[in-house]
Amino acid sequence: MNAAALTYRVVPSSHARSAEQRAAILAGELGFGKYFSDHMVAIQWDKTQGWHDATVCAYGPLSLDPSASVLHYGQEIFEGIKAYRHADGSIWTFRPEANGARLQRSAARLALPQLPVAEFVESLRQLVAIDHAWVPSAPESSLYFRPFMIATEAFLGVRAAQAAGYYVIASPAGAYFAKGVAPVSIWLSEDYARAAKGGTGAAKCGGNYAASLLPQQEAQAHGCSQVLFLDPVEGKYLEELGGMNVFLVFKDGRIVTPALSGSILEGITRSSILQLARDRGLAVEERQVAIDEWKQGVASGEITEVFACGTAAVVTPIGELKGKDFAVGDIHAPAGEVTMSIRKELTDIQYGRLPDRHGWLVRLR
Ligand code: PLP
Ligand code: COI
């Protein structure tokens, strides 16, 4: 990875919250994505100058031309990555080069400019340098970074924009799901796909999430907290949830997750769990998984646990899968042992309670 080269202009906020106001927020119920730190990073790009004008400035509204292409054609990508406070007060992040590389792949697919990975990591470091006090220290809490890139060129023609902005905002976060780490119910989306063959499913772009909101409403109407999507070609194989990858644990110890199909987001949590499972000597399979295998396996006891994983919600047990005319699993059963022990191992590494044997942690402060 080349060194970061951009020089930042730092303009501290004139209306940053006081230490007391911040402490009151951090001591409360943080939930997910409700509060934001005092500053943000902004870096501009255009075709002639490349990346330039890197700033750390007050968190606040962006000024966009109403014809900016992001507002019309959805040319937008984002990332999700956390900062963890260790017991000694130091602040670390997890595999940021992987997020930076994924942002580059998303950029390539959405015809946006590629931010060098070193600049991505440096942007997190810059934000933490000024807003480190917003990294909470309560158990399992973190500062969630939301890096994103938008096409800002003022032009209504349909082509890749020649100007873009990259930003990072940060949100102190607790549990993603209101009930914390408890088994959730998942709704099988039978009418809607999240992504198409040859589409943008493997990119982390806003449009994928926009497409998931109606099925997500359908899920909520059926008492479920997330949607499971099937492959867009045959409507038969598991892909992923609206915002998480999925794993099945078999009675014989095998851990199975859908293979990357071109329309699944390649989760960094997913790849880390595959590694942790291999380290344990478990048989790991990345392959097509038919939805009927899930239904029949859970009903027969062949599949003993199912869980979802992603940065925001870490590892979340799936208690029950529901569809229009079926339900499998037991939402009242306790979370599975393998699920919870993988969750614990991963979070123990992230919070510095276990040795970082794969060199996944990067110190931010
Ligand atoms: N799949 C989707 C659709 C997501 O939004 C996310 C969250 O980022 C993931 C999977 C998990 O990815 P990661 O583990 O890198 O957070
Ligand atoms: C994440 O886990 O970082 C996600 O992006 C999931 C969701 C909040 C979009």
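Start at 1 and go down the list; that is how both ligands and their atoms are numbered. Keep in mind it's a predicted model, so treat the numbers as computed, not measured.
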Starting from [atom], which protein heavy atom do you reach first, and at what distance in Å?
atom                    : value
atom 12 (O) of ligand 1 : Gly267 CA, 3.3 Å
atom 1 (C) of ligand 2  : Tyr144 OH, 3.5 Å
atom 5 (O) of ligand 2  : Lys204 NZ, 2.7 Å
atom 8 (O) of ligand 1  : Lys204 NZ, 2.8 Å
atom 6 (C) of ligand 1  : Gly243 O, 3.1 Å
atom 7 (C) of ligand 2  : Tyr176 OH, 4.1 Å
atom 2 (O) of ligand 2  : Ala312 N, 2.8 Å
atom 2 (C) of ligand 1  : Glu240 OE1, 3.3 Å
atom 14 (O) of ligand 1 : Thr269 OG1, 2.5 Å

Find all atoms of ligand 1 within a distance of less than 4.0 Å from any non-hydrogen atom belonging to [X], and give their numbers and elements.
X      : value
Thr311 : 13 (P), 14 (O), 15 (O), 16 (O)
Tyr209 : 2 (C), 3 (C), 4 (C), 5 (O)
Arg194 : 3 (C)
Gly242 : 3 (C)

Could you check whether any side-chain N or O of [X] sits under 3.5 Å from a backbone N or O of [Y], counting only pairs where one atom can act as donor and the other as acceptor?
X      : Y      : value
Ser90  : His86  : no
Glu119 : Ala5   : yes
Ser261 : Ser263 : yes

Nearest-0.5 Å distance that lies between atom [atom1] in [X] and atom [atom2] in [Y]:
X      : Y      : atom1 : atom2 : value
Ile291 : Tyr237 : CD1   : OH    : 12.0 Å
Arg194 : Ser189 : CZ    : OG    : 11.5 Å
Asp356 : Leu361 : CG    : CG    : 4.0 Å

Task: Partner of Ser106 under side-chain contact (heavy atoms from CB on, under 4.5 Å), chosen from Thr200, Asn208, Ile77 - done: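 Exactly one candidate clears the test, Ile77.
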- [ ] Please work out whether the ring planes of Trp187 and His222 are parallel, tilted or perpendicular, with thresholds of 30° and 60°.
- [x]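 Taking His222 first and then Trp187, their aromatic rings lie parallel (interplane angle under 30°).
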TODO: Measure the acute angle between the ring planes of Phe94 and Trp360, then classify it against the limits of 30° and 60° as parallel, tilted or perpendicular.
DONE: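 Perpendicular: the ring planes of Phe94 and Trp360 meet at over 60°.
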Task: Lys236 side chain reached by Asp231 side chain, heavy atoms, under 4.5 Å - done: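 Yes, at least one pair of side-chain atoms sits under 4.5 Å.
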- [ ] Answer with yes or no whether Ser272 contacts ligand 1, where contact means a heavy atom under 4.0 Å from a ligand atom.
- [x]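 No; Ser272 lies far enough from ligand 1 that no heavy-atom distance drops under 4.0 Å.
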Open item on the list: Checking the N or O distance criterion of under 3.5 Å, is ligand 1 in contact with Ile268?
Closed with: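 Yes, at least one N or O pair falls under 3.5 Å.
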- [ ] Answer side chain, backbone, both or neither: which part of Arg102 comes under 4.0 Å from ligand 1, heavy atoms only.
- [x]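 Looking at Arg102 and ligand 1, just side chain atoms fall under 4.0 Å.
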Open item on the list: Hydrophobic cluster membership, with links at side-chain heavy-atom distances under 4.5 Å among I/L/V/M/F/W/Y: are Leu124 and Phe148 in one?
Closed with: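 They do not share one cluster, since no chain of ILVMFWY contacts under 4.5 Å joins Leu124 to Phe148.
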For [X], take its heavy atoms, then give the atoms of ligand 2 lying under 4.0 Å from any of them.
X      : value
Thr311 : 2 (O), 3 (O)
Gly243 : 6 (C)
Gly80  : 3 (O)
Tyr209 : 9 (C)

Open item on the list: Can you confirm whether the side chains of Gln350 and Tyr84 place a donor and an acceptor under 3.5 Å from each other?
Closed with: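 Yes - a donor-acceptor pair under 3.5 Å links their side chains.
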- [ ] Search all heavy atoms of Leu110 against all heavy atoms of Ala203 and return the closest pair with its distance.
- [x]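 The pair with the smallest heavy-atom distance is CD2-CB, 4.0 Å.
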TODO: Could you establish whether Arg146 and ligand 2 come within less than 4.0 Å of each other, counting only heavy atoms on the residue side?
DONE: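 Contact check Arg146 vs ligand 2: positive.
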Open item on the list: Under 4.0 Å, counting heavy atoms only: does Met244 come that close to any atom of ligand 2?
Closed with: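 No, Met244 has no heavy atom closer than 4.0 Å to ligand 2.
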